Amino acid sequence: MTEIPYRYEPTTTAAAIRADHPDLEPGTETGTVVTIAGRLMLRRVQGKLAFGTLDDASGDHETGRIQLFGLARSTPDFEGFCDLNLGDWIGVTGEVMTTKRGELSVRVDEWQTLAKAQRSFPDKFHGISDADMRYRQRYVDLWVTEESRTAFRMRSTVMSLTRRFLEDRRFMEVETPVFHPIPGGALARPFTTHHNALDMAMFLRIAPELYLKRLVAGGFERVFEIARVFRNEGVSTRHNPEFTMLELYQAYGDYSDMMSITEDLVAHLAMEIHGTTTLTYGDRELDLSAPWRRATMLELIAEHTGLELSLETPIDELRGHCETHGVEVKPSYGPGKLLLELYEKTCEAELWGPIFVTDYPKEVSPLSRDHREQPGMTERFEGIVAGRELCNAFSELIDPAEQRLRFEDQVRQGDAGDDEAMVVDEDYLRAMEYGMPPMGGLGIGMDRLVMLLADVSTIRDVVLFPTLRPEQQ
RNA sequence: GCACCUCUAGCUCAAUUGGCAGAGCAACGGACUCUUAAUCCGCAGGUUCUGGGUUCAAGUCCCAGGGGGUGUACCA
């Protein structure tokens with residue numbers, strides 16, 4: 001039985017050794033003694049010599065690995081070293097040197113098993129191809145699949161850069177409840193749970209919006225939250241039941257300020273991560289540089305279908321156009337909802353973008369403020385990139401009387417069978433009644449943003465543990 | 001939810017028309033003093049996702065179920 005130490009103290013990493021020792025001649029002995037730790041990914045035993053490849057967390061499959069060089073005459077328990085299995089974790093102390101063939105290596109002068117792999121690692125060359133296994137056993141995937149490590153490192157970088165970007169603009173990060181007594185802030189079906197001591201139903205949040213706006217009413221003029229939200233919907237390459245949304249609210253701003261922040265943030269992330277705002281997504285090029293195109297929903301419908309429509313268009317005519325374009329409608333839909341459906345089915349997927357689609361009907365925007373020029377419309381926009389909604393933002397509705405009317409309209413839609421309609425949130429109205437300043441609000445789907453930056457086509461490649469059915473016994 | 005595809009050794013994959021389930025890697029035993037997915041010799045490894053059916057004979061065909069993938073719907 002190998003004794004496993006309780007702690008181990010590496011003095012450096014594979015990447016650092018590489019960086020510190022570029023271009024050594026074959027057969028060099030540097031005199032530098034290091035201690036490193038990681039996982040044995042490859043092994044080549046040749047009689048009285050043994051070569052291993054150790055991976056650690058310091059880089060990718062090129063930079064984050066280093067060769068180990070063991071010799072029968074100097075490596076303690078050489079037999080044991082040769083018997084190590086792929087997947088074992090080990091610590092090694094020895095001199096940094098190059099082999100006769102010039103490969104930078106650490107000579108194994110001392111070594112220590114840190115973990116035995118009791119299960120055999122996947123094929124060292126082919127890795128894992130079974131998607132199911134990659135998601136269920138992410139702990140294996142991360143070691144074996146280079147792209148997977150890269151994507152999740154990038155995700156972490158995106159979150160970190162986003163925080164810094166917003167803090168630099170005087171936004172304050174806050175945390176609001178995940179358990180909501182009333183689900184609100186978005187149109188979606190919630191997950192329900194129950195609090196035993198309080199004996200009450202609770203809902204996992206579908207959006208942090210209403211709490212964040214309460215904070216602005218409370219005097220925190222610029223707030224943001226990177227919020228895990230939960231929606232009880234189907235799963236797909238673009239949807240995971242729990243996902244991460246950035247929401248921010250800025251007092252005294254409006255939706256045009258939100259467009260600027262969105263453009264600047266996305267371009268900033270692209271520059272920091274890729275050094276350019278021109279990315280490849282799938283097999284197409286994507287230019288994220290500001291400014292993004294802006295067009296109203298009605299303009300886009302006209303562009304894609306040739307139909308000049310408006311909220312004044314007779315409703316039967318709108319229904320007819322929906323039918324022509326294969327859009328399913330319910331009798332309860334008003335003109336606003338019909339226009340939105342028409343836009344989504346005929347335009348959205350065609351927009352490679354990036355583009356801000358502006359001016360959404362009041363009927364489908366219960367939390368946005370009336371458009372200052374277009375009656376029946378609100379000052380709302382969605383950012384569409386690569387045919388997908390990336391963000392949603394508006395000049396926030398701040399008038400409690402108007403908000404009450406919007407809520408009541410939602411209740412009517414709910415009574416008419418829309419199980420995603422909102423309900424009246426009296427406390428939110430009370431907060432408004434104390435006075436809520438004009439503000440702009442923005443929500444960005446962070447998972448989808450990372451997908452764009454990492455050039456992956458399924459959300460499961462940017463969510464560490466995506467929702468799956470439990471494995472059968 | 002619906003449609004299509006898929007499931008074979010720990011991993012990656014073969015298996016002709018329905019005719020004895022195989023290989024590489026890993027593991028295990030051995031050889032090898034400069035390897036780079038090391039190489040060589042040897043050994044072992046299976047409820048072919050599950051359950052039914054057709055057949056002399058099923059990994060293969062049929063039915064039902066399960067997991068996964070893709071598309072579609074739902075999802076601002």
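All chains are named by letter (A, B, ...) in the order of the sequence lines, taking the proteins before the strands, and each is independently numbered beginning at 1. Computed from a predicted model, the values in this text were never measured in an experiment.
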Every protein N/O within reach of nucleotides 5-7 of chain B N/O, cut-off under 3.5 Å:
none

| request: Measure centre to centre between the rings of A/F191 and A/F203, then say whether the value is under 6.0 Å. | output: no
Shorter than 3.5 Å, N or O on both sides, protein versus nucleotides 69-71 of chain B: list them out with atom names.
{"from": "B/G69", "atom 1": "OP1", "to": "A/R460", "atom 2": "NE", "distance (Å)": "3.2"}
{"from": "B/U70", "atom 1": "OP2", "to": "A/R460", "atom 2": "NH1", "distance (Å)": "3.0"}

| said: Under 4.0 Å, heavy atoms only, any strand: does A/S129 hit a base, just the sugar-phosphate, or nothing? | reply: sugar-phosphate
| Short side-chain N/O contact to B/C74 OP1/OP2 from A/K330, under 4.0 Å | no
| Is there a side-chain polar atom (N or O) of A/R469 under 4.0 Å from OP1 or OP2 of B/G67? | yes
| Among B/A27, B/C11, B/A38, which is the nearest nucleotide to the side chain of A/R43? | B/A27
| query | Side chain of A/I128: nearest nucleotide among B/U12, B/C34, B/G68? | reply | B/U12
| Out of B/A26, B/A37, B/U36, whichever nucleotide has its closest atom nearest the side chain of A/S120 | B/A26
| message | Taking 4.0 Å as the cut-off, does a side-chain nitrogen or oxygen of A/N85 come that near to OP1 or OP2 on B/C28? | response | yes
| request: State which of B/C75, B/C32, B/U33 makes the closest approach to the side chain of A/V45. | output: B/C32
| Think A/Q67 has a side-chain N or O under 4.0 angstrom from the OP1 or OP2 of B/U36? | no
| query | Would you find more than 12 non-hydrogen atoms of other residues, nucleotides or ligands less than 6.0 Å from A/D419 atom CG? | reply | yes
| Is there a donor in the side chain of A/T378 and an acceptor in the side chain of A/R406, or the other way round, less than 3.5 Å apart? | no
| Counterpart base for B/A3, defined by Watson-Crick or G-U wobble contacts under 3.5 Å | B/U70
| query | Which nucleotide sits closest to the side chain of A/R136: B/U33, B/C75, B/G67? | reply | B/G67
